[in-house]
Amino acid sequence: MSDIISDFYSTKLLKYVTNPKNMGKIKNPDGESIVGNPTCGDLMKYYVTIEKKNGEEYIKDIKFQTLGCGAAIATSSILTVMVKGKKVKDALKISKKAIAKALGGLPPVKMHCSVLAEDALKKAIENYRKKKK
Amino acid sequence: MKNIYLDNAATTQVDKEVVKEINKYFTLEYGNPSEFHRLGINAKKALLLARENISKFLNAKKDEVYFTSSATESINLSHKGLIEAIITEGKIKKPHVITSSVEHKAVLETLNHLKKENKISISLIPVNKFGKIDLASFKRLINVDTVLVSIMYANNEVGTIEPIKEVGEYLRKINKKRKNKIYFHTDATQAINYLDCNVEKLNVDMLSFSGHKIHAPKGVGVLYVRDNTPIVRQIDGGNQEKGLRAGTENVPYIVGISKAISLIGKEKDRVHEISKLRDRLIKGILKIKGTLLTGDPDERIPSIASFIVKGIEGESMVLLLSQKGIYVSSGSACTSDKLTPSHVLKSMGIDAILSHSSIRFSLGKDTTSSDIDYVLEVFPKIVSNLREMSPIKI
């Protein structure tokens, strides 16, 4: 992606801002997390339910709530789409770069938003493991 | 799709009549005003007429008006030029400059530059919660080395009108008894469209504004400099602009900014009409739960309606309004390159979290009543959608 294009939001990203997928709450989630970005004041919350099949953990459902800019909303939403139904161990391997790429790129100044999403997912899984113990 | 432009404080559409004037000087009267053939003389005449027209608007003498590329350049020239002249004169070792904490970056960064070079010291006048400067604090900040006071006429983020006339009157009074004069500059970029910019009434020595906020193109600005104000030019070269700003004059755009100034004079009802629309917009938006008006409730320019919408980030509002064909602006950190919250809102005592939720609608002469209806229909829905999306409830 050229530098000129990456200075702006992609059409795909804007679609996720207008119609974010998996937005909302899950009642009685197996794990939840809330992370904030002190730089810009964004807040991101994830809810997950986990199911086990053949000894493997899968993300059965995932929802998000975000207070933040377009990039924060879009990254939190697309990550839910990327991991829903996936094995937990695979979901945890998704990098901030992959999240940005899935949205058709992020402006450099907004890369920290994808870090926030990655972080929020990890913390929600950690919360699930803690609860399980 | 709708196309409702409510970002006139950022820039404006160039008026068709302005375009018509400009085009003539692009293709027919394209001479260099420094040349003595017919085309050169015609260009020089156009330059003179523009200068005269703008000087009349400001109630200035015609040779007190200088053309630049922008208000930012005007401010760089006035501030750096004055300080250089005063330092060269040698009477004051380290000149002192007073400005307000809510100025545009053009003023703050120009002064910071001079401070970093150890050429000046700066004092900032604090503002109240509406963004208005405190006159008593201002008076206390003046000392023997004060040479320049620079205060904006109207604030670009919240629209608050600053007491320029009062400051000018006070400086005029104390200057009579001072050994060294305090020069007074005002950044009139947001004011020029709506407020009285008579330099005699305001008692200002320098005044800056740009074309693109008044329906002329980007790339042209004006600096008014009162006679006998010491200024050293900052762009060296030829003898244009009476030696104060080198570089071939941008005749088409200068003709354009002059035309735009004439149009302001012609449309006297503009202020009243826009104020009425703005008040209706403010009333409508304040009906939404968790909103508050930023800036002075009464003493604000007609064009600006600015708010905090609690529990929502500004950029997301801008994006969703844009999807509906409404174009506005936000002072949220997320919309700035450096991710820093607005220094204006901060100075007004609005914390970083709240300034995250700021939004500015800026009206113009083309804003209609049905535009306001549409905004008031669409915006509350966007606010409730975004609040539903947020993990915290207000």
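Chain A is the first sequence line, chain B the second, and so forth, proteins listed ahead of strands; every chain is numbered from 1. All values derive from a computational prediction rather than experimental measurement.
- For A:Lys63, the NZ atom counts as densely surrounded, since its 6.0 Å shell holds more than 12 non-hydrogen atoms of other residues, nucleotides or ligands.
- Judged by distance alone, the side chain of B:Glu313 and the main-chain N or O of A:Leu67 form no donor-acceptor pair under 3.5 Å.
- For a residue to count as touching a neighbouring chain, one of its non-hydrogen atoms must lie under 4.5 Å from one of that chain's; by this rule A:Ala72 does not touch chain B.
- Between the CD atom of B:Glu388 and the CD atom of A:Gln65 there is a distance of 9.0 Å, given to the nearest 0.5 Å.
- Around the NZ atom of A:Lys131, the shell of radius 6.0 Å holds more than 12 heavy atoms that belong to other residues, nucleotides or ligands.
- Other residues, nucleotides and ligands contribute at most 12 non-hydrogen atoms within 6.0 Å of the CD atom of B:Gln13.
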Checklist line | Working for side-chain contact (heavy atoms from CB on, under 4.5 Å), residues B:Ser316 and A:Ile73 | finding: CA-CA 8 Å; B:Ser316 62; A:Ile73 293 168; 3.8 Å; yes
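- When every heavy atom of B:Leu320 is checked against every heavy atom of A:Thr18, the shortest pair comes out as CD2-CA, 3.8 Å.
- Contact of B:Ile392 with chain A is made through the side chain alone, with heavy-atom distances under 4.5 Å.
- The number of heavy-atom neighbours closer than 6.0 Å to NZ of B:Lys346, taken from other residues, nucleotides and ligands shown, is 12 or below.
- Other residues, nucleotides and ligands place more than 12 heavy atoms under 6.0 Å from the NZ atom of A:Lys132.
- When all heavy atoms of A:Pro20 and B:Met389 are compared, the pair lying nearest together is CG-CE, 3.4 Å.
- By the neighbour-count criterion of 12 heavy atoms within 6.0 Å, atom NZ of B:Lys393 is densely surrounded, having more than that number from other residues, nucleotides or ligands.
- Using a cut-off of 4.0 Å between Lys/Arg side-chain N and Asp/Glu carboxylate O, B:Glu315 and A:Lys110 are scored as salt-bridged.
- Considering only heavy atoms from C-beta on, B:Pro391 stays 4.5 Å or farther from A:Met44 through its side chain.
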